[in-house]
Amino acid sequence: MNDPACAAWNAPLVSAAKRSPNGLKRAEQLPPLTESLVESQADDVLELDELWSFVGQKENKRWIWIALCRRTRQVVSFFIGDCGEESCWRLWQWIPPAYRHCHTFSDFWETYQPVFGLLGQNHQSVGKETGETAHVERWNNTLRQRLARFVRKTLSFSKSDEYHEIALRLFIHEYNSAVIS
């Protein structure tokens, strides 16, 4: 991952002056997501999906883009952004090189085909009735059940983008650890 955008992924979240004793220190101590992944195999399949949440107020939507390995059930990549093509490109950039060969499935969201289709990926857009994105859809439900800030109709919400990302990173690391143990 030599891309400058990816290099920021492992950068400290905030300066030492802003540290607090809660989840921030734990998030800073997390290894890169790629270190916690099971080694990819030639026949691995990635399921792609997006879900929205909000920060501060419902008008401030944040889209969480997920790439989940079907075999291991681990989240191999994620990106928080808007619903546009640039965010989809960022998701692609953060997929570890070992997983970029994988066949991918997504819903019919219009941004997947230009990104994953143009990259020579073996990508297929499918409906929910096919079951090809069932695991990532289930993961979205698990996220919403376990973290109130990601529920659509809630009084719990993130007050800053920073803590929204921290909560998601901590959850993904704990989730990925649990599925391999």
Side-chain angles (χ1 to χ4, degrees), residues 1-3 5-10 26-27 29-53 62-81 83 85-147 150-151 164-181:
M1 298 213 179
N2 296 327
D3 186 320
C6 296
W9 182 250
N10 293 320
R26 282 182 50 211
Q29 295 169 357
L30 290 174
L33 189 59
T34 54
E35 288 183 20
S36 66
L37 297 177
V38 172
E39 195 172 316
S40 72
Q41 294 180 359
D43 60 343
D44 277 342
V45 173
L46 296 182
E47 298 179 17
L48 311 172
D49 200 22
E50 71 292 328
L51 71 148
W52 65 267
S53 58
R62 300 297 181 267
W63 289 79
I64 302 163
W65 297 77
I66 300 292
L68 183 111
C69 178
R70 183 180 292 170
R71 176 180 57 87
T72 64
R73 306 293 196 271
Q74 288 187 309
V75 174
V76 299
S77 177
F78 75 95
F79 181 74
I80 302 173
C83 61
E85 196 171 313
E86 183 179 333
S87 293
C88 191
W89 278 108
R90 293 294 183 138
L91 175 69
W92 164 253
Q93 289 174 337
W94 289 353
I95 291 176
Y99 283 89
R100 289 190 182 170
H101 72 276
C102 297
H103 185 85
T104 56
F105 288 97
S106 70
D107 55 20
F108 290 105
W109 191 254
E110 61 214 25
T111 57
Y112 288 115
Q113 199 57 44
V115 174
F116 287 84
L118 288 177
L119 293 168
Q121 283 292 110
N122 191 359
H123 177 74
Q124 195 172 357
S125 296
V126 296
K128 291 183 184 186
E129 69 282 354
T130 64
E132 297 291 354
T133 59
H135 300 102
V136 73
E137 295 287 350
R138 175 66 236 160
W139 187 89
N140 290 345
N141 291 336
T142 300
L143 175 68
R144 290 191 190 280
Q145 286 174 349
R146 294 189 186 168
L147 293 177
F150 293 99
V151 176
H164 198 66
E165 181 181 346
I166 289 170
L168 183 62
R169 286 182 67 192
L170 287 170
F171 178 78
I172 288 173
H173 273 276
E174 289 176 18
Y175 179 86
N176 280 357
S177 305
V179 296
I180 60 169
S181 53

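Residue numbers start at 1 and run along the sequence shown.
With sequence neighbours excluded, the residues satisfying side chain to side chain contact (heavy atoms under 4.5 Å, CB included) with Ile172 are Leu33, Val75, Phe78, Trp139, Leu168, Asn176. Applying the side chain to side chain donor-acceptor pair (under 3.5 Å) rule to Glu50 yields the partners Tyr112; only residues at least two apart in sequence or on another chain are considered. Annotation: side chain to side chain contact (heavy atoms under 4.5 Å, CB included) contacts of Glu35 (sequence neighbours excluded): Pro31, Pro32. Scanning for side chain to side chain donor-acceptor pair (under 3.5 Å) contacts around Ser106 gives His123, with sequence neighbours left out. Partners of Glu86 under the side chain to side chain contact (heavy atoms under 4.5 Å, CB included) rule, at least two apart in sequence or in another chain, are Arg90. For Asp107, there are no side chain to side chain donor-acceptor pair (under 3.5 Å) partners two or more places apart in sequence or in a different chain. Taking Glu85 as the reference, nothing meets the salt bridge (Lys or Arg N to Asp or Glu O under 4.0 Å) condition, with sequence neighbours excluded. In this view, Glu132 and Arg70 satisfy the salt bridge (Lys or Arg N to Asp or Glu O under 4.0 Å) rule, not counting sequence neighbours. For Thr142, the side chain to side chain donor-acceptor pair (under 3.5 Å) partners two or more places apart in sequence, or in a different chain, are Arg138. Applying the salt bridge (Lys or Arg N to Asp or Glu O under 4.0 Å) rule to Asp44 yields the partners Arg71; only residues at least two apart in sequence or on another chain are considered.
Without hydrogens or angle criteria, Gln74 side chain to Ser36 main chain gives a donor-acceptor distance under 3.5 Å. With hydrogens and angles ignored, the 3.5 Å screen pairs a side-chain donor or acceptor of Ser77 with a backbone N or O of Leu91. Within the 3.5 Å criterion, the main-chain N or O of Val45 finds no donor-acceptor partner in the side chain of His103.
Considering all non-hydrogen atoms of both residues, Tyr99 and Cys69 come closest at CE2-SG, 4.1 Å. The minimum heavy-atom distance between Glu47 and Ala134, with the atom names listed, is OE1-N, 3.6 Å. In terms of heavy atoms, Ala98 sits closest to Ser40 at O-OG, 2.7 Å. Pairing each heavy atom of Leu48 with each of Thr133, the nearest pair is O-CG2, 4.4 Å. Listed here is the closest heavy atom pair of Gly127 and Phe108: N-CE1, 3.4 Å.
Taken from CD in Glu137 to CG in Leu51, the straight-line distance is 9.0 Å, to the nearest 0.5 Å. Here OG of Ser125 is found 12.5 Å from CH2 of Trp109. Values are rounded to the nearest 0.5 Å. In this structure, NE2 on His135 lies 13.5 Å from CG on Asp49, to the nearest 0.5 angstrom. Distance check, rounded to the nearest 0.5 Å: CZ of Phe79 to OG of Ser87 gives 4.5 Å. Rounding to the nearest 0.5 angstrom, the gap separating the CD atom in Gln124 from the CD atom in Gln113 is 9.5 Å. Residue Phe116 holds its CZ atom at 7.5 Å from CG of Leu46, rounded to the nearest 0.5 Å.
Looking at Thr104 and Trp92, their side chains never come closer than 4.5 Å, going by heavy atoms from C-beta outward.
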One pair to check against ring pair (Phe, Tyr, Trp, His ring centres under 6.0 Å): Trp65 and Trp94. What are the steps and the verdict?
CA-CA 11 Å; Trp65 297 77; Trp94 289 353; over 10 Å; no
Evaluate the criterion side-chain contact (heavy atoms from CB on, under 4.5 Å) for residue pair Leu30 and Leu170; output intermediate values, then yes/no.
CA-CA 8 Å; Leu30 290 174; Leu170 287 170; 3.8 Å; yes
